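Comments concern the structure below.
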Amino acid sequence: MRLSFRFILPLVLVLAAIAYAVVPLVDRLTLRWFVHDMDMRSNLIASAIHDSLQESLRSGSRAKTLRLFNDVLQDERLYALGFCGASGGARIATRTFPVEIGCEDLGRFADSERKLLQSGKGPLHVAVAGIEDNGALLGSLILVHDMSFVQRRSEETKRYVFYFFIGLGAVVSLITVVIAELSWRGWVRGVRALMRGEWLFRPAAEEPPLPMPELHPIAGDLRTLIRDMEAEYRARDESQVTWSPDALRAILRNDLRGEDILVVSNREPYLHVRRDGRLEVSRPASGLVTALEPVMRACSGTWIAHGSGAADREAVDAGDRVAVPPAKPAYNLRRVWLTPEEEAGYYFGFSNEGLWPLCHIAHVRPTFRSGDRKQYIEANRKFAQAVVEEARTPDPIVLVQDYHFALLPRMIRNRLPEATVITFWHIPWPNPEAFAICPWSGELLDGLLGSSILGFHTRFHCNNFLDTVDRLLEARVDRETFEVTYGGKSTAVKRYPISIEWPPPEDLTRKPVEECRADVRGRNHLPPDHFVGIGVDRLDYTKGIVERFLAIQRLLEMQPQWVGKFSFIQIAAPSRSAIEEYREFEARVRELAGKINARFANGDPPPILLKVEHHEPPDVYEHFRAADVCCVSSLHDGMNLVAKEFVASRDDERGVLILSRFTGASRELPEALIVNPYDIDQCAAALHVALTMPATEQRDRMRIMRGLIREFNVYRWAGRMLLDAAGMRKRGKLQDERGAG
Ligand code: F6P
């Protein structure tokens, strides 16, 4: 009621003010009309009696004139009549004629504004008409009307206007009160629903429409507030957590109720090979494996991957599974077998001749063949089948890895609708124009949008993905929440910068730095005080190995004091050599290294020591620890974990990292010497700065970088994804319960 009063009071006040202003206006208007009426009436009477009056005046009989006046006075409105002669003389007037009107100042009544006279009898209207005889003015006829009726009518009008406004006020108030009450009830209902969390926790597109559209902005604001608070709490929680295998296990136990994790990647973490008749295990050169292996060791579960090792089939059980790591099994590796045709079409063709150059700006033209696409679909189907076989519940958590499996999330979603599918895209995502080059771009996006969460290393790649969906699909893209709703289902697009295990495995850093330095120099016939640079990459055209060698050449040209004093060891793991582009690239790298060595060696240690062979992690770490500078000059790279591994390996807080600005890692490690690998002079200068950097500066930079990797290690990367998945699952359950309730 108090609410209604709040609406009505101002309304009543406004109406009263209007009435107050309107009444005098109406009063003035009606008065003017009446005066006008009286003027016309007076003219009419004057014309009607003109001739009779003329005649009686001509006769000179005052009594006759008075009689005429008294006859005319029968009209009840006409109050008095009088005549003033033009040549003076006594006035002839009825008895009622007001004393206030004298013959000498009749002129004033000619003014229409002054025709009203306030006499002792009340308000009177005075009109004066000339009476002529043959063109000669005989005198003036004065017609006096009683105007008291005007006053009465004005009072009445005021009363009606007042009643009108009272009535209007009552009707408007009633309507206002009813509408206000109804809206208020709707608001209260809507706000209560919001307070209960309806329309807040599920993506807006999945909620039934909010009954009160007026509440949309409030719901939006609340959603943002909740998200901000969640992020803040999470950041606070995360920074308090020591991100370790135990922390991951705790998430699985507490937040995911002991759910098993299924990981799917093309590359397997362990390959079996036969060497000298013995079955041996090898670790592939892969950033993806570097990151995920410690996560799987912590989480257990099953890793589904392509069995690509020559002796892989010998090591598996009847279900194609093998427990790994071989020395201390912690999880299952389920191998999927591909035919040579499948591998050629899906892995070498579609993935690495099509998608890889499509997503990397390295100026290599992508090649898409329909035959490769067929194999890509087939291979994705095989992996989907393996996921279904390995899932122990209808709602497993599946972590799909990388560009080899763009179609897999949708296939899993179709077969296990309750699954939580987290897809992580390890390489950059290009802009929409570039992605549209792929003839099957829509199909790939549809496949990826089968994911519950889709992760990228950087915000930039998330934005590129949203732009691509916006441009190429009929989907709803929410740039505020980073959600895509497609086919009635939502996919959260999130940034999860990948990282490495921290602390690094003890066996990789056990050998003292001094020993590493001495051994690496010794094995390479370099003097003990020789400056050494290191590069560790797959032999891939995106890694900027040619540009790196050109920078070394430039350094030796610009700063010849380094000739014979500095060598760069390039570990280049052979990669995808079935692809011609990669074979040609290897030839170019070898040729350039040979040319530079021929130019600068002259009996000195060669400036470039190119080692095109696979190195196991302990070898790689030994080189990292032996080096004075590490160079990561990728032309384009999703993250690049070599940069982080180099930093992790340097517990002596020495060594300098040169890092391409086109890697995801450069966003997190600004204390590295950041370079544009296309700018050869700049890279050469960076090499010189690195080689001459004082120990204290090396230590300061290294400390900051190590602190960052310690805090943002791979357990945090995986933990954040799992926590997001857990949150999603909880919200889904809540929603289902509410739907059932
Ligand atoms: O960045 C993409 C990626 O899958 C990485 O995770 C990994 O370092 C590399 O490519 C491995 O490539 P491949 O499995 O083809 O040897």
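Small disclaimer: the values here were computed from a predicted structure and weren't measured. Order of appearance sets the numbers: ligands from 1, and atoms from 1 within every ligand. All residue numbers refer to positions in the sequence shown, counting from 1.
Contacts of Ser286 classified as side chain to side chain donor-acceptor pair (under 3.5 Å), with partners at least two apart in sequence or in another chain: none. Here Glu389 pairs with Arg334, Gln385 under the side chain to side chain donor-acceptor pair (under 3.5 Å) rule; sequence neighbours left out.
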Residue pair Asn332, Glu390: steps toward the side-chain hydrogen bond (donor to acceptor under 3.5 Å, both in side chains) verdict
CA-CA 10 Å; Asn332 275 325; Glu390 295 302 326; over 6 Å; no
For Phe585 and Tyr582, what are the C-alpha separation, side-chain angles and deciding distance, and is it a ring-ring contact (aromatic ring centres under 6.0 Å, His included)?
CA-CA 5 Å; Phe585 180 69; Tyr582 282 78; 7.5 Å; no
Kindly determine whether Glu293 and Tyr270 satisfy side-chain hydrogen bond (donor to acceptor under 3.5 Å, both in side chains), including the steps that lead there.
CA-CA 10 Å; Glu293 212 278 333; Tyr270 296 94; 2.6 Å; yes
Anything under 3.5 Å between a donor and an acceptor, one on a side chain of residues 625-633, the other on a protein residue two or more places apart or in another chain? List them.
unit_1, atom_1, unit_2, atom_2, d
Arg625, NE, Lys511, O, 3.1
Arg625, NH1, Ser649, O, 2.7
Arg625, NH1, Asp651, OD1, 2.8
Arg625, NH1, Asp651, OD2, 3.4
Arg625, NH2, Thr509, O, 3.1
Arg625, NH2, Lys511, O, 2.9
Asp628, OD1, Arg517, NH1, 3.2
Asp628, OD1, Arg517, NH2, 3.3
Asp628, OD2, Arg521, NH2, 3.2
Asp628, OD2, Val532, N, 2.8
Ser633, OG, Gly544, O, 2.9
Ser633, OG, Arg548, NE, 2.8
Ser633, OG, Arg548, NH2, 3.2

Would you mind writing out a table of all protein N or O atoms found under 3.5 Å from any N or O atom of ligand 1, naming both atoms and giving the distance to 0.1 Å?
unit_1, atom_1, unit_2, atom_2, d
ligand 1, 4 (O), Asp402, OD2, 2.7
ligand 1, 6 (O), Leu288, N, 3.2
ligand 1, 8 (O), Gly287, N, 2.6
ligand 1, 10 (O), Arg576, NH2, 3.4
ligand 1, 12 (O), Arg576, NH2, 2.9
ligand 1, 14 (O), Arg267, NE, 3.0
ligand 1, 14 (O), Arg267, NH2, 3.4
ligand 1, 15 (O), Tyr347, OH, 2.4
ligand 1, 15 (O), Arg576, NE, 2.9
ligand 1, 15 (O), Arg576, NH2, 3.0
ligand 1, 16 (O), Arg267, NH2, 3.2

